[in-house]
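The next block holds one structure in the form of C-alpha cells; read it before the comments.
Source: prediction; values computed, not measured.
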Amino acid sequence: MVCSAAPLLLLATTLPLLGSPVAQASQPGQSQAGGESGSGQLLDQQNGAGESALVSVYVHLDFSDKTWPHEVSRTLTLPAASASSSPRPLLTGLRLTTECNVNHEGNFYCACLSGYQWNTSICLHYPPCQSPQNHQPCGCLVFSHPEPGYCQLLPPGSPVTCLPAVPGTLSLNSQLQMPGDTLSLTLLLSQEATDLSWFLRHPGSPSPILLQPGTQVSVTSSHGQAALSVSNMSHHWAGEYMSCFEAQGFKWNLHEVVRVPLKATDVARLPDQLSISCATSPGFQLSCCIPSTNLAYTVTWSPGEGSKASSFNESGSQCFVLAVQHCPMTDTVYTCDLQSPGLAPLRVPISITIIQDGDITCPEDTSVLTWNVTKAGHVAQAPCPESKRGIVRRFCAADGVWGPVHSSCTDARLLALFIRAKLLQAGQGSPAEEVPQILAQLPGQAAEASSPSDLLTLLSTMKYLAKAVAKARIQLDRSALKNLLIATDKVLDMDTRSLWTLAQARKPWAGSTLLLAVETLACSLCPQDHPFTFSLPNVLLQSQLFGPTFPADYSISFPTRPPLQAQIPRHSLAPLVRNGTEISITSLVLQKLDHLLPSNYGQGLGDSLYATPGLVLVISIMAGDQAFSQGEVIMDFGNTDGSPHCVFWDHSLFQGRGGWSKEGCQAQAASGSPTARCLCQHLTAFSVLMSPHTVPEEPALALLTQVGLGASILALLVCLGVYRLVWRVVVRNKVSYFRHAALLNMVLCLLAADTCFLGAPFLPPGPRSPLCLAATFLCHFLYLATFFWMLAQALVLAHQLLFVFHQLPKHRVLPLMVLLGYLCPLGLAGVTLGLYLPQGQYLREGECWLDGKGGALYTFVGPVLAIVGVNGLVLAMAMLKLLRPSLSEGPPAEKRQALLGVIKALLILTPIFGLTWGLGLATLLEEVSVVPHYIFTILNTLQGVFILLFGCLMDKKVQEALRKRFCRAQAPSSTIPLSTNEGYILEHSKGGSDTAR
C-alpha cells in the first residue's frame, strides 16, 4: 500500500436509540487522538416511545502525519455511559473497518481490515488496488476522493475461529496432477451465487487468467454446484485455481493450488547427443533446461566425477549446466536427473560418442556456424542465435561428407505468442481481450521472420486465433483487422525460395492454413466499423453493411491485374432479407497465395499443372452473427488464354489439407468478351485454373461407361453359357485346353471386375469407407488377374512356337498358370494397398478407384502395358518364324499353317488390350483431345463383347460344336479345319505320329 500522504481512518459505530423521536449525531471538534475530525452523518430516526434500534454511524478521521497516533488502536475501549434524565443515544460498539492511504497523485487506497469487505455495489464502480491482499476480493479499492462509506462486516462464522462464513467450499480430485491427467474442481454453494468465474494464476504471475470453455477446458453449472474440468494437464496448467462469485452482497474467492510435474519432452537438452574427439576437444559442456514451474527441482548429473555443475536462469526457464573437464575414454551416456520432493526423479539421457582412431569423420566447418569434428553417421548440433529457441542440426553422412543444415530456431517472442494463442484456444484467457493484443504484435513478428520455423509458427498462431474467434463468435474492430491484413501482406511477400519452399517441405498445406485463418478472421469485423476498405500490394479488402432492405444486386470490383469483378444477385440474398437482419458482405483478394497452395486437384480436374491468374477471391456473408455459405456469385477474372476451370478451395479435401474443387462452379462464356466468367452456387475462396486442353465433361463419359460395362457383363455371361455347352468338344488336345482354360479364367476375372467397378459409384467414397476400400482392392486385383491370364496364354503359345516337338504336361503347366494368373496380381494389389494407403495416396478423391497422383494407378498401368508388350514380342516372333521357316521344323506348308494358328490367337487379344491401354496411357497425360477419351472408354468397357466375338464365337471348333448341338442332322466332318490348328503342332510331332494325346 502506497503511503505518501496523511492516512485516514474509517470507523463504524453502533448506537442504540432509546425512545427519542429524533437523534442527531453531533460533530465533535477534536478527536481523542488529537487529529482533525471530518464531518459526521446526520441521522434522523422516527421511533415510538420505549423502542430501540441499532444505527451505524460513519466516522472519518484525518491525521496530519503519516502514522497512526498511539492512542488509536485496533481495539477501542468505549467511554462509560453518563447518566442523564433524558434518553440519549448510547455508543455500544466502536470498530475499525477501513484503512486508507493517499499517494502523491491524490488517489485514496482504501483496504478493508480483517473480517470486512466492500460490498458489491461499490466494487462495481471503483477499480481495485494493483495487488489484492490474501486473495480477498474487493478488499482494496482506489478512490479519487474520500467516500462516505466503509467496509462492511462479512457474515459471521465460527465463534472459535472468528472467521467469516464463506457460502461455499472448493474441492479438487488431486493437488498433484500428472501430465496427461484430467483436473476436476468442484464448487459446492450454500447460498445463491451469481457472476461465477474461474481463474488460473500462473507461478510468478501477478494477475490471474480467465478460464473459459475450450479444447481442454469445460465448465458446468447446476443448482448449488459448479465444476471445472481441464484435460491433458501439463506444466502450462500448473498454478493457483480460483473460483470467484457473488453471494450475500459480497464477492468471494476460493482457491486451490495445483502442481504438475514436468515430463521428458519439457526438458530441452543441448546437445541431446554428441560425437567428440578427445584429441581435439578434451572437455565439453552439457545442459538441460526446464520451464518455470511451481515445483522446486534440483539436478544431479551422472557420472559427475571430474566435472563442474552450475545453473542459471533465463527468460521463463532454468538451465543446469555440466562442464566435463576430462573427456571419457569410451562412449558414455550422461544423465540429467531432475528431482522434486515427493516425486520420482525425471531422468534425461545425453549420449556421448567418442571418435576413435580410424573412424570416418566429417571435418570441422566454421563457414556459418561452428561444426566440430563429427563421427560419420551421427548428427552434430549447435545452439540457436540469441533471442531464438530451438536447435540447429547437421548430419554427417557415412562417407564423411556434411549434409544440409536443418534449423528449428524460432524467435522467442513469436514462440511466446504461439503458446499464448494455443492456450487461448484451449481455454486460457478471454478471446475478446487476447486476440486483438496478439494481432497487434503479428505485423512486427512477420517483418522479422527469418526462417521456415518462424513462418510455420506464425501461420500456426493465426490458425489458433481464427479457431478461438470462430468458437467464441467475437467481433474485431478496425485496428485488429488492419493488423491481421498487414501481417498477411508481409507473409505473402516473403521470399518463396528461402522461406516458403522450405516451410512447404515440412508442411505442404501451409498455404491452406493461411487461407483458412485469414478467411475466418476477415469476416469478423464489428458492424459499427462498416464500411471498411483496406488496400495493400498483396491484400485488398472491401466490407459493407446492409440493412434488412437490400437495394439491388451486390457488385464489387478490384483494380488487380487482370481486373477482378464479382456480383451477387439480389434473389440469392432473399432468404436473409426476409429475416430482417443486417447483412455484412466481405470481399477479400489475396495475391500470390494461389502459388503457395499445394497442387491438389479434386475430382474431374486431373493431375495437370494449371496456370492461374495469381489471385484468390474470398467472399463471405454474415447475417447477424451467423455465416451464410449458400449463395450465387458471378465472377469475372479478366482476359485468359486456354480453357478455364472455375474452382474453389475446399478445405475438406485430401484428409483436411485442402484442394481445388469445381463442385458447384462452372465456367460461362461472357458475351462479347474474352474474360473468364465463373458462376458458383456457394461462397468460399475462388480462383480460376487455366489449362491448354479441355477435360471432357463427365456425364456423357459416365453414361457411356455404364452402358459399355452392362454390355460387357452380358457378353461375358453369354460366353460362359457357350463354354458350358461346348467345353468338352473344344478341349480335346492339350494346346486347345491351355488356350481355352486361360480364356475362361479371363472371362471369369473380367466379369467379376466389371461387376465390382459398375457398383463402386454407389458406395460411399473415402479412405474411411471399408466398402470403398474393398471395391478398389478387388477391382485392382481382378483386372490385373485378367491380364496375367492373358500373359499365361501368350507364354504357352510361345513355348509351342519355339519348341515344336516338346510336349507340355498338363499337371505341371496348369498349376503354374494358376499361380501366374492369381498369385502375382494378388501380391501386386496387396503391396499397393499397404504402401499407398498409409500415405493417403491409395484412393482417388471422390471415387472408389486407384489414385493417379501418388503412383498407385501406375501399379496397374505398368504391368498391363508390360504384358501387352510381351504379347507384341510373341506376335513379332511368330511373324518372323512364318516368313523365314527352317527345314528342321517340318514341312513348310504344315509349319506355316501351325504358325498361322498361333498368330491368330495373339491377334485376337493384343489389339483389344494393347490399343485400349495405349489410349488409356494417353488420357492420363490429359494433353489430348476429347476423341481418345471416348475411344478408350468404348474399348475398355466393351472388352467382354470383343472376347465373346473374337475369342469364342469366331472359333471354328466352337461354331461346329454349336451347330452340332442345335442342328442334329449335320454329317460329321473328316477333315481338320485350318482354324483349329492349335493341335496341329502336336499332331504332327515326333515324326508325324497319329496321336496327339
| How close do Met635 and Ala566 get, heavy atom to heavy atom, and via which atoms? | CG-CB, 4.1 Å
| task | Rounded to the nearest 0.5 Å, what's the gap from CG on Asn538 to CG on Asp493? Could you check? | result | 5.0 Å
| query | Where do Leu499 and Pro452 come nearest, in terms of heavy atoms and distance? | reply | CD2-N, 3.8 Å
| task | Measure the shortest side-chain to side-chain distance between Lys482 and Phe532 over non-hydrogen atoms and say whether it is less than 4.5 angstrom. | result | yes
| task | May I have the step-by-step check of side-chain contact (heavy atoms from CB on, under 4.5 Å) for Leu476 and Leu525, ending in yes or no? | result | CA-CA 5 Å; Leu476 305 176; Leu525 184 65; 5.6 Å; no
| task | Taking the side chain as every heavy atom from C-beta outward, state whether Pro527 and Met622 have any pair of such atoms under 4.5 Å apart. | result | no
| request: For the residue pair Glu519 and His651, establish whether any side-chain heavy-atom pair is separated by less than 4.5 Å. | output: yes
| field | Separation of Leu653 CG from Glu663 CD (nearest 0.5 Å) | value | 8.5 Å
| task | Take His202 and Gln428 through the side chain to side chain donor-acceptor pair (under 3.5 Å) test and state the conclusion after the steps. | result | CA-CA 11 Å; His202 289 295; Gln428 284 193 30; 2.9 Å; yes
| remark: With Tyr554 as partner, the option from Gln544, Arg570, Gln567 fulfilling side-chain contact (heavy atoms from CB on, under 4.5 Å) is Gln544
| Evaluation steps, side-chain contact (heavy atoms from CB on, under 4.5 Å), between Leu455 and Val491 | CA-CA 8 Å; Leu455 175 58; Val491 169; 3.9 Å; yes
| task | Answer whether the closest heavy-atom distance between the side chains of Leu458 and Asp454 falls below 4.5 Å. | result | no
| Are the side chains of Phe546 and Ile585 in touch, meaning some heavy atoms are under 4.5 Å apart? | yes
| query | How about Cys646 and Cys678, are their SG atoms within less than 2.5 Å of each other? | reply | yes
| query | Hey, what do you get for CG (Leu857) to OH (Tyr842), rounding to the nearest 0.5 Å? | reply | 11.0 Å
| request: Using the side-chain contact (heavy atoms from CB on, under 4.5 Å) rule, take Thr488 and Leu590 through it: C-alpha gap first, then chi angles, then the decisive distance, then the call. | output: CA-CA 9 Å; Thr488 303; Leu590 302 173; 4.2 Å; yes
| query | Can you name the closest pair of heavy atoms from Gly429 and Gln212 and give their distance? | reply | O-OE1, 3.7 Å
| task | Please determine, by modelled atom types, if Arg420 and Gln437 share a side-chain donor-acceptor pair under 3.5 angstrom. | result | yes
| request: Could you tell me whether a side-chain N or O of Thr457 sits under 3.5 Å from a main-chain N or O of Ser453, the two making a donor and an acceptor? | output: yes
| query | Taking the side chain as C-beta and beyond, is there a heavy-atom pair between Thr410 and Ser451 under 4.5 Å? | reply | no
| Just by distance, do the side chain of Asp529 and the backbone of Arg478 share a donor-acceptor pair under 3.5 Å? | yes
| remark: To the nearest 0.5 Å, atom CD1 of Ile486 lies from atom CG of Leu439 at 11.0 Å
| Would you say Lys388 has more than 12 foreign heavy atoms packed within less than 6.0 Å of its NZ? | yes
| query | Do the non-hydrogen side-chain atoms of Gln528 and Asp477 ever get within less than 4.5 Å of each other? | reply | no
| said: Has Asp650 got a side-chain atom pairing as donor or acceptor with Gly659's backbone, closer than 3.5 angstrom? | reply: no
| Got a second to check how far Lys467's NZ is from Leu516's CG, nearest 0.5 Å? | 8.0 Å
| field | Pairwise distance CG(Leu465) to NZ(Lys463) - rounded to 0.5 angstrom | value | 11.5 Å
| query | Got a donor-acceptor contact below 3.5 angstrom from the Ser408 side chain to the Ile391 backbone? | reply | yes
| note | Between Met462 and Ala517, the two heavy atoms sitting closest are O-CB, 3.6 Å
| request: Go through Leu564 and Leu540 one step at a time and tell me if the side-chain contact (heavy atoms from CB on, under 4.5 Å) criterion holds. | output: CA-CA 11 Å; Leu564 174 62; Leu540 297 91; over 6 Å; no
| Asn232 versus Gln216, side-chain donor and acceptor atoms under 3.5 Å | no
| said: Minimum heavy-atom separation for Leu545 and Ser584, please, with both atom names. | reply: CD1-CB, 3.9 Å
| note | Closest non-hydrogen atoms of Leu541 and Ala522, given as atom of the first, atom of the second and distance, are CD1-CB, 4.1 Å
| request: Look only at the side chain of Arg657 and the backbone of Trp509, and say whether a donor-acceptor pair between them is shorter than 3.5 Å. | output: no
| task | Measure from the side-chain N and O atoms of Asp411 to the backbone N and O of Gln445, and report whether any donor-acceptor pair falls under 3.5 Å. | result | no
| Should the pair Trp649 and Trp660 be assigned to parallel (<30°), tilted (30 to 60°) or perpendicular (>60°) ring geometry? | perpendicular
| said: Using a 3.5 Å distance criterion without hydrogens, assess whether the side chain of Arg394 forms a donor-acceptor pair with backbone atoms of Gly403. | reply: yes
| message | Does any part of the side chain of Phe558, heavy atoms only, come nearer than 4.5 Å to the side chain of Gln542, both counted from C-beta? | response | yes
